Structures are given as C-alpha cells and as structure tokens.
Protein chains: 2
Amino acid sequence: MVPAEQGGNVGKLKKSERRAQILLELKLRPHVRISELARRFNASAETLRRDLDALAQDGLIHRAHGGASAPSRGHYPSLDERTVERTAERERIAHLAAAEVHDGETLMIDSGSTTIELAKALAYRDVSCSIITNSLPVAMTLGHGAANVMLCPGEYQPSESAVIGTETLEFLRNYTVDRCMIGTSGFSAEGVSETVHGFAAIKREMLRRAGLRQLLVGSEKFGQKGLVRVAGLDGLDTIFVDARPQKKLLAALDAAGIDIRVADRVPTRTHSEQMKPREENT
Amino acid sequence: MVPAEQGGNVGKLKKSERRAQILLELKLRPHVRISELARRFNASAETLRRDLDALAQDGLIHRAHGGASAPSRGHYPSLDERTVERTAERERIAHLAAAEVHDGETLMIDSGSTTIELAKALAYRDVSCSIITNSLPVAMTLGHGAANVMLCPGEYQPSESAVIGTETLEFLRNYTVDRCMIGTSGFSAEGVSETVHGFAAIKREMLRRAGLRQLLVGSEKFGQKGLVRVAGLDGLDTIFVDARPQKKLLAALDAAGIDIRVADRVPTRTHSEQMKPREENT
DNA sequence: ATTATTTTGTTGCTTATCCCACAAACTACT
DNA sequence: AGTAGTTTGTGGGATAAGCAACAAAATAAT
C-alpha cells in the first residue's frame with residue numbers, strides 16, 4: 001500500500017497500538033465511530049471494524065452500530081440476543097407487577113432480565129420501599145430513587161451480574177419481607193425450576209422469607225423445565241404473565257389457588273392494530 | 001388524563017415517559033440503538049430519533065450514529081467532575097499497585113474512582129486472586145476474569161455505586177486478607193481522612209482486617225483533610241502515588257516508615273503491553 | 001365543538017454501515 | 001531467501017440510519 005502521509009498523522013500503526021489508542025479514546029469520550037477512527041488511523045473501515053469487534057469480544061468496549069462506546073461500568077451483560085426481542089413482553093409484565101408495590105413495603109427481588117425490568121418500572125414510579133436483592137443491576141437501578149436498597153453479599157457471578165453462594169443465603173435468612181418477586185427460567189405444572197443451581201437456592205430462600213410469593217414469568221417459559229427445582233406451585237401466591245397459560249398448566253395453577261395476573265397487550269387501542277404493516281408484533 | 005395508566009400498559013407512552021425510560025435504560029447499558037428502542041416503544045424510528053436528539057440537546061445523553069450512549073463516564077456519575085481530568089494519574093497509580101498483586105493472594109478493595117482503575121488494571125493482568133470489595137464497579141470489572149470476587153452486603157449508595165452500613169462492617173469482620181488496597185479523599189501528615197462517614201468506617205475496617213495496608217492516592221489529595229479520620233500514618237504500610245510528596249508530608253511518612261511507591265510518568269506503553277497477551281486469540 | 005398546537009407517523013431518497021469473500025501486503029519463522 | 005500465517009484493503013450487495021417535508025393523530029386551548 002502507498003504509505004499516504006497526511007498532515008501530521010501517523011503513517012501506519014500496528015494493530016495493538018491502534019487498539020490501545022481506541023481504548024484510550026474511549027476513556028475520554030463515551031462513543032467513537034468507525035468512520036472517524038478510520039480517518040484518524042488512515043486505515044480502512046473494515047480494519048477498524050475488526051478492531052472494534054475484537055475489543056468487544058474481550059469485553060473491553062461495547063459495540064454499537066457505526067462505532068463503539070465504553071463499557072461504562074463493568075459491562076452489563078444483557079445476556080441477550082433474544083432478550084431484545086422479548087423485552088416488550090418483559091416490560092409489560094414488569095409494569096403490571098410494579099403497580100402492586102406500595103410505599104413502605106419491604107420486598108426481595110432476585111436477579112435476571114425480567115427483574116431488571118421490574119426494577120426499572122419501580123424506579124420509574126419512584127416507589128419508596130425497602131428492597132433486598134442479590135442483583136447488581138437491580139440495586140443500581142433502584143438506588144437512585146426513593147427506594148432503600150440492601151444488597152446481599154456473595155460470590156459475584158458475571159453471567160447475571162448477581163451474587164450467589166452460602167454468604168448470600170445466610171444473609172437472606174436474617175430478613176423477613178412482605179413480598180418477594182422473582183423470575184425463573186422454567187415454569188411448568190410441576191412448578192418453578194432453574195438451570196443454575198446457585199440461583200435456584202437464592203430463589204428458594206427468598207420465597208421462604210416472604211409473605212407474598214410472586215413470580216414474574218414470560219409465556220415463552222411455559223412448559224420449560226430447568227435442571228433444578230425451585231418450588232412447587234403451592235409455593236407461589238401470584239404469577240405475572242404476558243399471556244394466559246394453556247389448559248393443562250392453567251388447571252394446575254387453579255388447583256393450587258394461584259392468582260394469575262395477565263399483562264394485556266392492547267388495553268386501549270382500536271386503531272393501532274390496523275396500521276401496523278411492518279411491526280406486527282409487540 | 002390517563003390516571004391509572006401506570007400498571008401493565010405499555011401500549012403507548014407519552015413523550016416524557018419514553019424519554020425517562022431511555023435515560024433509565026442508559027443507566028444500565030452503555031448504548032442503546034434506535035431500532036431497538038423503536039421496537040420496544042412500538043413507535044417509529046423517527047420519533048425515537050427525535051427523542052434522542054432532544055435528550056442530547058439537553059446533554060443528558062451522547063448521540064451516536066444509530067443510537068445513543070450515556071454521557072461521559074458518568075454512569076458512575078458519582079465522584080465528581082475532576083474524575084475525568086485525573087484519569088491518567090489514577091491509571092498510573094493503579095497500574096503500579098496492580099503489579100504488586102500475585103496469584104493466589106487475598107485482598108480487600110474499597111470503593112472509589114481510583115480503586116475502579118485498580119480493578120481495571122488487575123483485570124487486564126487477569127490475576128487469579130480472591131477479592132473482597134464493597135464496590136459494585138470493582139466487582140463487575142474483576143468478575144469476568146480469573147479473579148474470585150466476593151461482594152459485601154450493605155445499603156446501596158448510588159453516589160459511589162458501593163454498599164455501606166453496619167451489614168458491610170459486620171461482614172468484613174468475618175474475613176482476614178493478605179492485603180488491602182484503598183483510596184481516600186484526604187491525605188495529610190495526620191493520616192487518612194474521608195468526607196463521608198460511612199465510607200470511612202469501611203476503610204477503617206478493611207485496614208484492620210489486612211496484613212499489608214496499602215493506600216492509593218493522587219497527589220492532588222496531599223494536604224487535604226476530610227471530615228472523618230480513617231487512620232493515622234502508622235496505620236499504613238505502603239502508599240502508591242503519582243508524585244513525590246512535599247517535604248513536610250514526606251518527613252511524616254518517613255517517620256512512620258511508610259513505603260512510598262511513585263508511579264512515574266515516563267514508563268508508558270503499559271497499556272499496549274497489558275493488552276498484548278489478550279489479542280493472541282483474536 | 002372548533003381551532004391551535006404539539007406530537008407522531010409516513011414517504012421517498014441519500015448516505016453510511018455491515019457483511020462476506022478474496023486479493024494484496026506485511027510479518028515471522030525455518 | 002522462501003514459505004506459512006497474519007493482517008489489511010477492496011469490491012459489491014444487503015441492510016440500516018439519516019434527513020426533510022408533509023400528513024395524520026393526539027392534546028391543549030378557546
């Protein structure tokens with residue numbers, strides 16, 4: 001390639017130097033864009049794209065369309081891919097559940113994408129309650145408002161940005177709350193289940209320490225069975241869902257006397273339905 | 001109108017509600033993209049574009065191509081304005097201190113902007129040690145690597161994204177570690193001091209539980225005296241600084257037999273060297 | 001109810017980014 | 001050297017984002 005010399009700029013930087021500079025830049029600025037970096041380093045956009053992808057792989061930056069931004073706090077995993085798709089459902093569930101909470105209550109909230117949405121909904125309402133959680137995102141979301149947040153101790157689990165372990169369980173045993181609101185990865189007629197053992201134990205303990213035992217669960221989890229059993233249906237008081245369960249599960253829920261709260265999709269929209277040519281879902 | 005609209009209805013949000021949620025989202029995630037927001041709010045991309053532009057106008061977010069990111073490093077807004085300025089110094093101090101830590105060690109790290117830098121430096125080195133901290137950013141930064149992170153319980157303090165309180169202190173008393181590394185807001189010949197009472201108590205307890213008691217402090221803190229006394233100079237073993245203290249403070253440090261480690265400005269390239277091992281596998 | 005104002009959605013078009021595969025250039029190693 | 005492996009650049013088609021102006025609702029005001 002022609003070593004094009006441009007006004008005072010570097011001819012060619014090695015890969016590592018480029019990437020170090022990118023990281024440095026992101027310490028000062030919240031966001032850089034690819035086109036800008038390509039010009040600065042006198043390299044092609046593809047090269048910079050590869051740089052950003054590599055850095056994002058290592059979790060050093062957060063990739064975005066057209067550029068990248070600093071991972072702000074240690075990255076919030078957002079375990080997504082599909083999480084983005086299901087956000088609308090989770091949001092509806094979360095809002096419905098958040099509406100139940102009154103000022104002055106004490107509650108426990110566990111970790112997971114659904115409960116993070118719950119935390120956002122509560123933060124938005126700015127409810128003045130006391131919350132015990134093992135989820136760092138939940139604590140951070142609620143901590144800025146009127147709520148009083150108590151974080152559990154424990155071993156940090158990056159996959160969910162939460163803490164787990166014996167310290168967590170032991171800590172929870174010191175408290176009793178009005179209500180607990182938890183999520184789950186599996187929900188069937190047999191009850192609540194989890195794929196990760198550590199999280200199952202937390203949920204179980206929270207259920208034990210709470211007066212009202214409430215579950216937030218998306219309909220995509222119906223029928224799913226995780227590795228570890230958390231609780232049977234008789235261990236629950238309320239479930240918040242985005243769609244009514246099918247008959248078999250529904251029958252089991254009724255038999256257990258569980259209050260089913262469905263977050264409806266369209267409460268006051270008669271016209272919007274017909275004008276949704278592109279985005280039919282949500 | 002729309003009084004009881006709160007619960008479970010995400011059908012249509014008003015402008016202000018949308019924008020509040022966007023800000024909330026950016027507390028957790030470094031970057032949001034327009035297409036994603038449009039889907040979530042069931043609104044057109046244009047609307048969201050207008051939202052982001054408006055928020056950016058107010059300086060509440062940082063606009064980017066295709067989305068927006070949180071402004072500055074601000075999500076740990078905390079600390080203060082000067083945090084951005086002093087980043088380079090803190091980074092040097094942090095790298096110097098991080099180089100001291102070996103695999104298998106146990107250490108306590110407290111909260112603050114300097115110790116977050118320390119956590120980043122340790123994360124780069126990927127040291128395999130056990131860490132106890134009350135800082136959420138520190139936990140999240142180190143949690144993804146080889147380190148084993150134990151988070152303290154306590155009341156969440158949004159100003160520093162850390163936990164404090166009696167639960168924290170009580171928890172710390174159960175542990176003994178090889179080394180503790182803490183920051184401070186004030187450092188003078190009389191010792192270490194803090195402006196916030198809760199944080200002072202944490203630091204004091206950590207110093208008590210550690211074999212090696214090490215302080216990371218920028219030269220801008222020299223001579224500063226906070227409200228609450230944390231420890232005298234005789235309570236410290238090592239200080240990591242970015243510049244040699246003046247004679248009066250220096251004399252006091254010598255008298256106390258404190259090891260002074262100065263992070264020189266010149267030996268840069270630390271950044272590129274730190275990243276080298278990481279890029280082998282790209 | 002009827003305006004006025006604000007807010008949102010849509011259309012058409014331009015531009016930028018993405019992604020993939022392959023070729024060119026560079027580096028390291030025997 | 002020469003070769004193998006890496007790193008970078010280029011091209012083209014697909015996709016997403018930007019922009020501007022106007023139309024359609026929704027909201028507020030009279």
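For clarity, every value in this text was computed on a predicted model and none was experimentally measured. The chains referred to below are lettered A, B, ... by the order of the sequence lines, with proteins before strands, and numbering in each begins at 1. Hydrogens, waters and symmetry mates are skipped; everything else that's a heavy atom, side chains included, is used.
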Legend entry - Nearest-angstrom distance from the residue atom NE2 of His65(A) to P of dA14(D): 17 Å
Legend entry - Atom-to-atom span, CG of Asn42(A) to C1' of dG9(D) - whole angstrom: 12 Å
Inset, instruction - Report the distance from atom CG of Asp51(B) to atom C1' of dA17(D), rounded to the nearest whole Å. - result: 16 Å
Legend entry - Touch class at under 4.0 angstrom, heavy-atom based, for Ala38(A) against every strand present: nothing
Legend entry - Contacts of Asn148(A) that satisfy side-chain hydrogen bond (donor to acceptor under 3.5 Å, both in side chains) - sequence neighbours left out: none
Legend entry - For Thr195(A), side-chain contact (heavy atoms from CB on, under 4.5 Å) partners two or more places apart: Ser185(A)
Legend entry - Length of the line joining Arg33(B):CZ and dT15(D):P, which is rounded to integer Å: 15 Å
Legend entry - Any Ser35(A) side-chain nitrogen or oxygen under 4.0 Å from OP1 or OP2 of dA16(C): no
Legend entry - Taking every non-hydrogen atom, the tightest pair across Leu48(B) and Ala43(B): CD2-CB, 3.8 Å
Legend entry - Arg33(B): partners by side-chain hydrogen bond (donor to acceptor under 3.5 Å, both in side chains), with sequence neighbours left out: none
Inset, instruction - Give the rounded distance in Å between these two atoms: CG of Leu48(B) and C1' of dG9(C). - result: 12 Å
Inset, instruction - Write down the atom of Ala123(A), the atom of Leu24(B), and the distance for their closest heavy-atom approach. - result: CB-CD2, 4.1 Å
Inset, instruction - Tell me which nucleotide among dT7(C), dG9(C), dA16(D) gets nearest to the side chain of Thr47(B). - result: dG9(C)
Legend entry - Rounded distance (Å) that lies between atom P of dT7(D) and atom CZ of Arg18(A): 10 Å
Legend entry - Distance in angstrom units between Arg19(B) CZ and dT6(C) P, rounded: 14 Å
Legend entry - Spacing between Ile34(B) atom CD1 and dG9(C) atom P, to the nearest angstrom: 13 Å
Inset, instruction - Scan Ala54(B) against the nucleic acid and name what it touches under 4.0 Å (heavy atoms): base, sugar-phosphate only, or nothing. - result: nothing
List every contact pair, protein side and nucleotides 19-23 of chain C side both N or O, where the distance is under 3.5 Å.
{"residue": "dC19(C)", "atom": "N4", "partner": "Glu46(A)", "partner atom": "OE2", "Å": "3.3"}

Inset, instruction - Scan for ring-ring contact (aromatic ring centres under 6.0 Å, His included) pairs involving residues 20-39 of chain A, sequence neighbours excluded, and state none if there are none. - result: His31(A)-His31(B)
Legend entry - Asp53(A): partners by side-chain hydrogen bond (donor to acceptor under 3.5 Å, both in side chains), with sequence neighbours left out: Arg63(A)
